[in-house]
Amino acid sequence: MENQNKYIELLPGNWLYNAGVIGFLSVLEKSNFEVKKLFQNDGTIRGNISNVFNKKRAHENFEVSEIIWNWFIASGKNLKKNFDENGVDPIMDIWGTIFNVLYRGFFNANSNLLYQPSQTTPATFSTFLNFTNHLFEYDENNQMCSFCLKKGKQSYKNKFSSEHYRELGGSDGDKGMPNSFWNNKKSLGGTVLCDSCSFLLLNRHLAFTSLNDWTKIFINAPSFKLMYELNKIINSSFEWRSDNNIRSLLAMSVIEYCAKTDATLGVWSGMNIEIIAVTKKLKENGQYDDIVEYYSLPSSVIRLISNKRIASILSEIGEFKILNLVLEEKFKELIEIAYRILKISMKEDENKGDKKFLDDILFLQKNKYDKKNQRLVANKIMKLYALIEEQLKTE
């Protein structure tokens, strides 16, 4: 096959599509592509990604592009604990999990038919490669895609359905139930998808961060660059703790972004930044459904914690109980807590009330039990209060 020119131009949309794009960026990154050069100041993505498609490797008598190979590898590591990317056949190893468990029915999950044709159908992998070999190609004669708003190639399953996302998409067919996606039936026109956006939706699992309680989270924002940075922070920097909640995780990612980089949220601070949390709910038949919940922060709070000095001191304090007071805008309580911690730090022996107070407010062991650190934390909380008051007066 001749080299193809793959130029992408993507605009932020709904959270499902955005998660697919962020997942795809992680695969590009795994393919040694410098994804940051794709980000534009207006929040979009634009650029040429031809090299990761044109670079091929032989596999089972097929030619597989570098980006598709790495999609399987990244999916294997994401979905299976014992996945071995250097195994005999990593694609076959993960194929059934992808298309039987996650995107059930999008392709035949029967691994026996993966490389061998049946009497009536070609090899499933051949159909898959025909689908992925023509991504990010366009044809003015096609319908406009409902996701990217372009006239991309439409050759395979070009109506959004439960095969893209079981809980949001309807059954694919005129008799199928629309489910929770409005008017999603073929007889009503359905929701048109180009091949490129169909494949992007198959990347959403790579964008979510898993917490310890089966919850998976994704930060959605009006800018792909901001989404990429915030999700990278939350994926690498945090652990689920008893004093965590979903909103505080969103806030901490914003704080780390503003405190540890030279970047600021700027114009994005006044727009909607939310966290998508997907949890599992056990049904009576023993199967699980995804429950999708949305958490956001008021723009006033986002502006506050994106102040570099406030973000830095919150990061230094590192206590979620203190952060939650800021998120709830209970600023006066900060001073009360700081004075009490300072008072306790001056005592040689703590009474039961003091110990309970420290246990309720502080999580980090060094802050609970070290007198010097208690004084440092108290001073930082007072400084935090002063900075917040200064910021509020400025606004």
Side-chain angles (χ1 to χ4, degrees), residues 12-15 18-19 22 41-43 209 215 217-234 237-238 241 243-277 292-339 341 360-363 377-395:
N14 61 71
W15 73 262
N18 291 345
I22 297 302
N41 291 333
D42 60 0
T209 297
T215 302
I217 56 175
F218 168 73
I219 297 177
N220 189 37
S223 158
F224 279 128
K225 179 181 180 181
L226 185 56
M227 274 184 273
Y228 173 81
E229 298 290 355
L230 293 180
N231 281 286
K232 201 160 190 176
I233 288 171
I234 209 166
S237 302
F238 299 110
R241 294 180 352 196
D243 58 346
N244 289 161
N245 59 51
I246 299 296
R247 282 189 178 87
S248 64
L249 288 174
L250 171 58
M252 279 306 296
S253 65
V254 172
I255 288 165
E256 293 296 308
Y257 175 71
C258 295
K260 296 185 177 179
T261 69
D262 292 329
T264 59
L265 294 186
V267 67
W268 309 115
S269 65
M271 299 186 181
N272 189 37
I273 300 173
E274 62 182 353
I275 199 163
I276 314 299
V292 182
E293 297 176 298
Y294 307 85
Y295 301 86
S296 60
L297 297 170
S299 58
S300 58
V301 171
I302 291 285
R303 288 197 301 274
L304 202 62
I305 63 177
S306 62
N307 175 298
K308 193 172 184 66
R309 290 192 296 166
I310 293 174
S312 295
I313 200 163
L314 277 168
S315 181
E316 289 173 20
I317 293 169
E319 295 287 352
F320 276 94
K321 290 290 176 65
I322 301 301
L323 170 63
N324 285 331
L325 289 176
V326 176
L327 301 187
E328 294 164 11
E329 300 181 270
K330 297 178 179 178
F331 307 130
K332 294 292 184 185
E333 291 186 29
L334 293 172
I335 285 293
E336 296 171 13
I337 287 171
Y339 277 133
I341 294 174
D360 289 343
I361 297 298
L362 303 176
F363 177 84
V377 167
N379 286 326
K380 286 177 180 177
I381 294 172
M382 286 188 279
K383 183 179 179 182
L384 170 65
Y385 176 77
L387 289 172
I388 290 172
E389 286 293 296
E390 180 185 323
Q391 173 74 8
L392 293 177
K393 287 177 182 177
T394 302
E395 290 185 356

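Heavy atoms only: backbone and side chains are in, while hydrogens, waters and symmetry mates are out.
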Novice: If you measure from CG on Leu334 to CD1 on Ile381, what distance do you get to the nearest 0.5 Å?
Specialist: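 The CD1 atom of Ile381 is 7.0 Å from CG of Leu334, to the nearest 0.5 Å.
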
Novice: Any side-chain heavy-atom pair from Leu384 and Leu314 closer than 4.5 angstrom?
Specialist: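 Of all side-chain heavy-atom pairs linking Leu314 with Leu384, at least one is under 4.5 Å.
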
Novice: How close do Gln391 and Asn307 get, heavy atom to heavy atom, and via which atoms?
Specialist: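 Looks like OE1-ND2, 2.9 Å.
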
Novice: Apply side chain to side chain contact (heavy atoms under 4.5 Å, CB included) to the pair Ile322 and Val377, showing each step before the final yes or no.
Specialist: CA-CA 10 Å; Ile322 301 301; Val377 167; 5.9 Å; no

Novice: Has the side chain of Ser315 got a donor or acceptor atom that lies under 3.5 Å from a matching backbone atom of Ala311?
Specialist: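 Not at all, since once roles are kept as given, no pair shorter than 3.5 Å links the two residues.
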
Novice: Is there side-chain contact between Asn220 and Met227, with heavy atoms separated by less than 4.5 Å?
Specialist: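 Counting from C-beta outward, Asn220 and Met227 do come under 4.5 Å.
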
Novice: State whether the number of non-hydrogen atoms from other residues, nucleotides or ligands found under 6.0 Å of Tyr339 atom OH is greater than 12.
Specialist: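 Counting neighbours around OH of Tyr339, 12 or fewer heavy atoms of other residues, nucleotides or ligands fall under 6.0 Å, so no.
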
Novice: Distance from Asn18 atom CG to Phe218 atom CZ, nearest 0.5 Å?
Specialist: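 Spacing of CG (Asn18) from CZ (Phe218) equals 5.5 Å.
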
Novice: Minimum heavy-atom separation for Pro12 and Phe224, please, with both atom names.
Specialist: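 Taking Pro12 first and Phe224 second, the nearest heavy atoms are N-CE1, 3.3 Å.
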
Novice: Compare every heavy atom of Leu323 with every heavy atom of Ser248, then report the nearest pair and how far apart it is.
Specialist: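 Here Ser248 and Leu323 meet closest at O-CD2, 3.6 Å.
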
Novice: Quick one, Glu256 and Ser253 - any side-chain contact, counting heavy atoms below 4.5 Å?
Specialist: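 No, every pair of side-chain atoms sits at 4.5 Å or beyond.
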
Novice: Kindly compute the distance separating OH (Tyr257) from NZ (Lys232), expressed to the nearest 0.5 Å.
Specialist: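 If we round to the nearest 0.5 Å, Tyr257:OH and Lys232:NZ are 12.5 Å apart.
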
Novice: Determine whether more than 12 heavy atoms belonging to other residues, nucleotides or ligands lie under 6.0 Å from atom NZ of Lys380.
Specialist: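 Correct, the count exceeds 12.
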
Novice: To the nearest 0.5 Å, tell me how far Lys383 NZ sits from Ile313 CD1.
Specialist: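 Here the interatomic distance stands at 5.0 Å.
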
Novice: With a 4.5 Å heavy-atom cut-off, do Glu328 and Glu333 have their side chains touching?
Specialist: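 In short, these two side chains do not touch, never coming nearer than 4.5 Å.
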
Novice: Quick one, Ile22 and Ile219 - any side-chain contact, counting heavy atoms below 4.5 Å?
Specialist: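 With C-beta onward as the side chain, the pair stays apart.
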
Novice: Taking it one step at a time, do Ile361 and Glu319 satisfy side chain to side chain contact (heavy atoms under 4.5 Å, CB included)?
Specialist: CA-CA 8 Å; Ile361 297 298; Glu319 295 287 352; over 6 Å; no

Novice: Is there a side-chain contact between Arg247 and Leu297 (heavy atoms, below 4.5 Å)?
Specialist: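 They are in contact (side-chain heavy atoms under 4.5 Å apart), so the answer is yes.
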
Novice: Nearest 0.5 Å, please: how far is CD1 in Ile233 from CE in Met252?
Specialist: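 CD1 of Ile233 is found 9.5 Å from CE of Met252.
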
Novice: If we ignore hydrogens and angles and just use 3.5 Å, is the side chain of Lys308 paired with the main-chain N or O of Cys258 as donor and acceptor?
Specialist: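 Yes, Lys308 side chain to Cys258 backbone: donor-acceptor pair under 3.5 Å.
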
Novice: Enter the distance from Leu230:CG to Ile255:CD1 here, rounded to the nearest 0.5 Å.
Specialist: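 The distance works out to 11.5 Å.
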
Novice: Measure the shortest side-chain to side-chain distance between Leu249 and Ile217 over non-hydrogen atoms and say whether it is less than 4.5 angstrom.
Specialist: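 Heavy-atom side-chain distance check passes, below 4.5 Å.
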
Novice: State, with a plain yes or no, whether a side-chain heavy atom of Phe331 is found less than 4.5 Å away from one of Val326.
Specialist: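 Contact flag for Phe331/Val326 side chains = yes.
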
